[in-house]
Structures are given as C-alpha cells and as structure tokens.
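The next block holds one structure in the form of structure tokens; read it before the comments.
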Amino acid sequence: MSADLPLLELRNVSKVYGKGDATMHALAGIDLKIYPGEFVAVMGPSGSGKSTCMNILGCLDTPTAGQYLFQGIDVGALNRNQRALLRRHYLGFVFQGFNLLNRTSALENVELPLIYRGTATAERRLLARKALLAVGLADREQHTPGELSGGQQQRVAIARAIVTGPSLLLADEPTGNLDSARSIEIMELLTAFNRDQGITVVMVTHEPDMAAYAKRIVQFKDGLIAHDQPTGG
Amino acid sequence: MLINAFILALRELRRNVMRSILTMLGIIIGVSAVITLVTLGGGATQQVTQQIASLGSNLLMVSVGKRMGAGQSSGAPMFKIADADALSRELPELSLVAPTAAAPTTAIFGNENWSTNITGSTEAFFPVSNQQIALGRLFTASEARVGATVCVIGQTVATKLFGAQDPVGNRIRLNKLSCVVIGLLKPKGQSTMGSDQDDLIVVPLRTFQRRIAGNQDVSLIKVSVKDGFDTDQAKQRIEQTLRSRRHLASNEENNFNVLDMKEIAAMLSTTTQTLTGLLSAVGAVSLLVGGIGIMNIMLVSVTERTREIGIRLAIGALEREVLLQFLVEAVVLSSLGGIIGIVLALSASVLLASLLQVPFVFQGGIIVIAFLFSASVGVVFGYFPARKAARLDPIEALRHE
C-alpha cells in the first residue's frame, strides 16, 4: 500500500448509544486507515456497526471515544459548522434511497452542492452539465426524479456527489434498491471515478458481487473489524 | 450567502406553487381587508367634513327649547322676528341673521302633488344655508318685508312637480297659499344626516306666518359669524342677548340653545373615526390570523421537508444557511402576499368607493404599515420553524420518510 499519509484514520474509535442498562456499543474500538485512491467495500451483517462507522467517516456523527483523523485533522474536535464545511469541500455522498430533491430537475440537483460552495452561476452550470455527461445523463438534465428510473436517479446522485471533485466518496448501499443490470452500471461508474479521477471510494454493501469491484474489503462484526484484506482481483 | 439563500428559496417556492399560494392567501386577505377598510373609512370621514363645510363652517343654529331629552323642552316660548332683529342690531360680529319657521305641507301643481317642507325665512336664508340659485332669482329684501306670494324651490320639488319643465314663472299651491315660483336652487345632494337638502320650498317669512302658520312664531334663527370673529364668543353673546330678551333669571337655565355646526362636525368625524378604528381592528385581526396561517404552513412544511433538510445538511449546508433559506422563503411569501394584498385593496377600494358613493382617498400610511406588518409576520413566524429545521440532526433527518 502507499506510504503516503492516510486520507483518513480511525484510532481506537468507539461509539456508544444509550445509558445504563440500555447501553449499546455500536463500535467497540476500531482502527482503520484508508489511503488516497483506495476503493474500499465495507461489509457485515446489520447491527455490526458499519452504518455507524460510515456516519463517523462522513462527519455526520462523532465518536464517543477515540480519534477520527481526516487528512490529519481531528474531526472530533470540530464543531457542527466546521464539520459541515468539511463535508462541503471534501466529501461526496451516495445513498441507498438516492435522496434527490423532489420536483427538482436533475441539473438543479447536481448544482446544489455547488450553490453551497458559492460557485458562480456560469461555472456551476458548466460543472453540473459535465458531471451529468460523465454519468451518461446529458439528455436528462431537465427531468425531475419522478421522471427518472431508479438507476437514472442513482446516477444523478453520483453526479451530485462528484461534481465538486471530492477527496472521499461515501456510498451507503448504492445498489441496494436496484436490479443487477442497474447495479453493474453504478459499480462501473464508481470504479471509473475511482480510477480516472483518483477519488477515494468507501462503499457499504451487502452483496459480494458488488464488493468484488472494490480493491479492499473490510468486514465488520459486532462493532469490530473482523477481516480487512485486498480483493483477489 | 444571501444571494445563495435567495436562489435556493425561490427555486423551492417555484417548485411548490400551490403551497406558496395557500401560504400567501392569509396575508393577502389580511392586508387587503385592513387597507380597504381604512381607505373607505378615510373617504367617509372626508365626505363628512366636506358636507359640514358645505353647510358653512361659521354657522350657528339658534333654536327654541332646552338642551334636554325629548319632551322636556315644552314651555319655552318661540322666538319672534324682533329677536332676530335684535341679534343683528346688537351683535356686530354677526354677518347674517335668518329667522326661519317651517311646516310640512303638500305642494300642488296641476295634477302633480308632493309632500314636503315649506320654510319661511328672509333673504338672508340663502347665503346662510349656502344655497345658490340655478334658474330665475331669489326673493328680495322688500319682497320678504311685504310678504310677497313668491317662492324658491329645490331641485327635488321641481322634478316631482314639473318634471323636465322649467318651473320658473309657474304658480303652485301650498295649502291655502298660491304663489309664483321665481327661482330654482342648485342641487346640494344629501346631507350628512342622510336627508335630501334639495327637497324644500322657501317663501318669505311674513308670507309663511300670515298664510301658512297663522302666528308670529320663529322656531329657528340661522346665524353666520363674520370672518375673523370667534364663533364661541359669538355664541356666548347670542346667549346673553337672548337671555335678557327672554327675561331669564340668573338661576334659570337657557330655554333655547345655540348649536355650533363645528361641534356637529367634530362629533360626526369622531363617530366616523371610531367606526374606521373598529373596522381597522377587524382588519388587523385578519392580518394576525394570516400570520398564524403562515407560521402553520411553515411548520408543516418543515416536517414535510425534513428529508430535504437532511440532504442539504449532509452535502454541507450550514445551519445558518438552512435558516436563511427558510427565512427568505417566508419573507418572500409574506411580502409578495402583502403586495398582492395592496393591489387587491386599492382596486377594491376604488370599486367600493364608487358603489358606496364615498370619495376614494389614497391612504399611504396604512399601506406602508400593512406591508411592513406582513413582512415582519414573515420574519417572526418564519423564524421559529426555520430554526427548528436548521437544528435537525442530518442523520435523523435523512432517515425521515
């Protein structure tokens, strides 16, 4: 693996929900390093802590104990606004349920993160069109989510995630709501962005077929990392 | 950041036209109601003021009877012509003194007849009452003195008896009196009290006393005060003069009263203003209800839009950016609602003013107030739901269906 500084590093991170008898250890002290350019698949049964881990990696949640370093910065020490800015500038999200704005055209959905970045209108349009072109939806820019198929919606969501050129793309079961043909299209897109633009991808999935697209698989079990190994391919 | 908030807010409003219209409806109704009511009220007040001015602002009405409840004025003797003469002789500040007496009568011309009031007075009656001649002439001082059988009629009487025909020179019959119409008065329209000021027949006072009433009584003396003299002082001097002429002891109350038209004017405008205030209060309540409507819809829309807010927060929106977006949405809605309300109110006011026959008086103040109110309703009632939205936990919000 690369000897560079890791893009992100979890140091003995644990996450505890509830108090007293109701205490639930979602993460029981995990260590994880992910380097720039990696494509990591996170697997594990439900309740194994992988979603909690993704929330922490996505700066949506903070660890109860331990440290999360993003490019060397301790995320646990940042406040809500600083974490939002970190998400804005370095992260891209793809969700299982697509999470596009309803009644909003594909183009405007893709433009959204650029608006929060304060990108000028002309440049915003240009970048959003380029991203839609990259996911093969250049001819659908005026369509709203309701007028698009599931696979197309997920591609719009991917365009929205990569339009800002993020360092890290977090995908939470991106193919969970799609049939296998659509799933393969999505995986090929993620692989392409990882390979061509060097975007680091961390993806949660249940399906071994999808995990096989990644270069490395991290297996969670009972709040701990059970296996962590590169894929054969 | 403000520009971004505007872009986001306007996109959101455009996507939800129906919701936006429903939100605005309350404000539109509130703003237009309050502006329309105040504008019409202002028009009515101005109309009253103008009507009082048409009576003559320095007019005093001296009538018989105590200022008491109905039925308590009996026993006070009527004025005589000599009382009026004494007033004009002894009080140099009075410009005109017109003793009058009136009685209901039926006027007959040919086959037409019309029940009206016949007024007996002197030539001073016309300027004091602000009556002007339209056709023919008024009666002269000498005709008044000798009690000539002539009369001057108002427009209503002329229309009822003569139709489109020229009344001047014709002879009409008033009870046992037959007199020649020598003049037609210019129309004055309705009085403030709602009576028809054109429904009158004026004959010389002596003619009236001899041929109609059969006595020497004068029931009312209309007096106008010269410019530059205080009407209150004139009123007091009239009271002194009449008290001594009526031999009232110093412990006795006046058995007549002097009414200053300015007082009536003040009283009437107070009434109209009270009414306007009341209507404005009704309007203000509807404005408030509109504001609460905005708050409701904003609250509902925050709940409905939880997932959208989650998406925005996840992709890096700051709390204050979400807050600002919701705030701008609320302010744009209420201001737009305010503007539509103002336009609606002005059209409604113009229309209603002509229907109700009151003048349309543009009320700039209330428009500014109503607009500022609706905008601040947007800020205040938009703020709390917006804060609620901005403080959501993005993970929770994304999970919301």
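The chains referred to below are lettered A, B, ... by the order of the sequence lines, with proteins before strands, and numbering in each begins at 1.
- The CG atom of A:N99 sits 4.5 Å away from the CZ atom of B:R307 when rounded to the nearest 0.5 Å.
- For B:I315, the parts lying near chain A are the backbone and the side chain together; criterion is any non-hydrogen pair under 4.5 Å.
- With contacts defined as side-chain heavy-atom distances shorter than 4.5 Å, the pair B:E308/A:N102 does not qualify.
- Annotation: residues 390-398 of chain B contacts chain A through B:A390, B:R391, B:L392, B:D393, B:P394, B:I395, B:L398 [non-hydrogen atoms, separation under 4.5 Å].
- Residues B:N4 and A:G118 share a closest heavy-atom pair of ND2-CA, 4.0 Å.
- Listed by chain and residue number, A:Y90 satisfy the ring pair (Phe, Tyr, Trp, His ring centres under 6.0 Å) test with A:F70 (two or more places apart in sequence, or in another chain).
- Using a 4.5 Å cut-off between heavy atoms, A:L60 contacts chain B through both its backbone and its side chain.
- Nearest heavy-atom pair, B:A314 versus A:F95, reported as atom, atom and distance to 0.1 Å: CB-CZ, 4.2 Å.
- For a heavy-atom cut-off of 4.5 Å, chain B lies close to A:R160 in residues 131-164 of chain A.
- Within the 4.5 angstrom heavy-atom criterion, only backbone atoms of A:L100 (N, CA, C, O) approach chain B.
- Scanning both residues, B:A317 and A:A84, for their nearest heavy atoms gives O-CB, 3.8 Å.
- Within residues 109-116 of chain A, the residues having any heavy atom closer than 4.5 Å to a heavy atom of chain B are A:E111, A:L112, A:P113, A:I115, A:Y116, listed by residue number.
- The side-chain hydrogen bond (donor to acceptor under 3.5 Å, both in side chains) test with A:T104 singles out one residue from B:R15, B:R14, B:E12, and that residue is B:R15.
- Heavy atoms of B:L313 lying under 4.5 Å from chain A belong to its backbone as well as its side chain.
- Of the listed residues A:E108, A:R83, A:R87, the one with more heavy-atom pairs under 4.5 angstrom with chain B than any other is A:E108.
- Contact annotation for B:R11: only side-chain heavy atoms (C-beta onward) come within less than 4.5 Å of a heavy atom of chain A.
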